[in-house]
Amino acid sequence: MKYRTHHCGALRPSDAGSEVTLSGWVDSRRDHGGVIFIDLRDREGITQIVFRPEEYPAVAGQSHGLRSEDVITVTGKVAPRLEGTTNSKLETGGIEIIATQLTVLNKSDVLPFQLDAKVANEDLRLEYRYLDLRRPQMARNLRLRHRVTKATRDYFDEQGFLEVETPILSNPTPEGARDFLVPARLTPGSFYALPQAPQQYKQLLQVAGVEKYFQIARCFRDEDLRAERQLEFTQVDVEASFTTELEIQTLVEGLLARIFRESKGIEIPTPFPRMPYREAMDRFGSDKPDTRFGLEIVELSDIFAASEFKVFRSVLDGGGVIRALNAKGAAEKFSKEQLKKWEEWAKTELGAKGLAYIKTSPTGEWESPIVKFFSEAEKNALAERLNLETGDVLFFGADQWQGVCDVLGRVRLRCAELLGLTEGSGALNFLWVVDFPLLAFAAEENKWVAVHHPFTRPKAEDLSLLDAGEFAKVRAVAYDVVLNGVELGGGSIRIHERELQARMFEALGIGAEEQQEKFGHLLRAFSFGAPPHGGLALGMDRIIMLIAGTDSIRDVIAFPKNNRGQDLLTHSPVTVDFKQLRELHIQSTAKKG
RNA sequence: GGAGUCUUAGCUCAAUUGGUUAGAGCGCCGCCCUGUCACGGCGGAGGUUGCGGGUUCGAGCCCCGUAGACUCCGCCA
């Protein structure tokens, strides 16, 4: 038996008269008592099948029993549709198949949800993922994902890059996310860890002389989940030798252009704008600024330099800054009650000390809890610098630089959302954020930590600052690529000298002994002629999510896990019996529920 | 670990200030229907309103607890 001569999206009026065989699922049935229509669906499309009792009574009789999602094979003759019955919504809408033979390959039970309806219950979708994936939107997402990974492989191949697989069973890393551990049966008491990223291996491949490496790599991080996060996710990982920041960025711009061209048919302009980290924070309050709208943060410290308002006074005296942003025309949308809630939100969620505002009433009055503390000169300067007009709402941040940036950055995004500033915008604002700081002080741990990772190269002109212990001022040769306020990926030029790497570890408070224990292999590798190298990693799922136009990463992963890291289809993770644990020399301390 | 929102038929949702027998669309089942394409018509089945407790003459609705889902914060270079 032959299942098919054509796919369900293939036939056209020019095929009229030929005998064909199609296989697929019953998408819908329209039973008129006499004549019966079946929309037959496979992954390539839909074709209408007609069962005519006056011509083929036996087959027509058989067809009455068909139900949604039955799997069938139909043989018949391609016929142009009767005058006035063509369907312009279908690719195959000019023809139909007059069935002469019907084989039911497999009956289907009634589905738990209809494939053509909106399903809000994600549990149900995940439990029956194989049905969910039959839905056109999800099927499109799978295809889109294939197109993106294919474009990626083609691009890197053409650029002379080698795809090299690196171990899944690897070592725990002392920094970064929580590791997934895998007990090592052959070495009792020891554990592998699943890789958070192929970071060290890709650098070792450079020492190995691979020169141009890439991988579409699965990565694992045992942290709490989010809409755009999964326990396991996919990175496009790249690393090259004898390269520069500019070369890596140009390479990645080419990749993204290729991906958007082949998946969406969109030409994106390159090169992308570059913005130093410091500027991104100052203007947008974020290291991944969404530049599709203005609402920029404005410096006011000089205006209030002589302020007698105690809150501002103490902030300025303590070395902090006063800044504000102007939500143009927001006054009619933000009521006084809402603005009070904003302050509550800033305090509880953002850890701000407060969130002062000025709301201009239609009569031009300034409604604000703080404006009474301002002098006339301050008010005038403020209004001028922020271009304050009737209907505007100002939000103030007064704190240390970092705090003000964080709070106003979040306020900015929330304003944009509530004011619908990006609605209907087709803009694709790519940009590079560059010159990241190398180190940041972690107050809780009372130590310096790497902003990017410990292998990131300090800027040559800032090396003296590193030696002088002025860690906060040292910039890194690190860069993030951002699209519409979403970080697509990041990378850096690495340290390739053993000496410099040791100095970096030193700054991070990792002593000689710990260096040897945890990174000895890398330091030794660097001592055997490691070439200068650098690279970048992109969050593949996130990119596909943006291209697909969905807001959940789960929509672009075939079998994702839910918020608690469970696979509702297979019920993973599961408990295992004592015997299996004993072989691995481990024991569970979990309390039995 | 914390906050918010949600949970009513197989699915998507409704149910006035707490008030009769909890409704609709789709789906499902039966009958009718020979040109539909979200076919149509008639009829039918289908509910412990997540679970437990409380307030009340009376609770889907109010209160407390609990479970689950989602979103966010923490966390995640």
Pick base, sugar-phosphate or nothing for A:L124, based on heavy-atom distances below 4.0 Å to the nucleic acid. sugar-phosphate

Regarding A:R542 and A:E487, does a basic nitrogen lie under 4.0 Å from an acidic carboxylate oxygen? no

Which atom pair, heavy atoms only, marks the closest approach of A:L431 to A:F272? CA-CB, 4.0 Å

Taking 4.0 Å as the cut-off, does a side-chain nitrogen or oxygen of A:N562 come that near to OP1 or OP2 on B:rA69? yes

Would you give a per-nucleotide map of nucleotides 34-43 of chain B, 5' to 3', where B means the base has a protein non-hydrogen atom under 4.0 Å away, S means only the sugar-phosphate does, and - means neither? BBBBSB----

Using heavy-atom distances to pick each residue's nearest nucleotide on RNA chain B, tell me which of A:P112 and A:Q199 is more 5'. A:P112

A:I168 and A:Y192: side-chain contact (heavy atoms from CB on, under 4.5 Å), yes or no, with the steps? CA-CA 9 Å; A:I168 292 294; A:Y192 303 100; over 6 Å; no

Check: A:H64 ring centroid to A:F51 ring centroid under 6.0 Å: no

Its contact letters, B for base, S for sugar-phosphate only and - for none at protein heavy atoms under 4.0 Å, make nucleotides 71-76 of chain B read BSBBBB

Between A:W448 and A:A507, which heavy-atom pair has the shortest distance, and what is it? CB-O, 3.8 Å

Determine the sole option in A:Q203, A:R457, A:Q206, A:K202 for which the side-chain hydrogen bond (donor to acceptor under 3.5 Å, both in side chains) test with A:H533 is passed. A:Q203

Is A:R43 close enough and on-axis enough to A:W25, meaning under 6.0 Å and within 45°, for cation-pi? no

Donor-acceptor under 3.5 Å (A:E506 side chain, A:G511 main chain): no

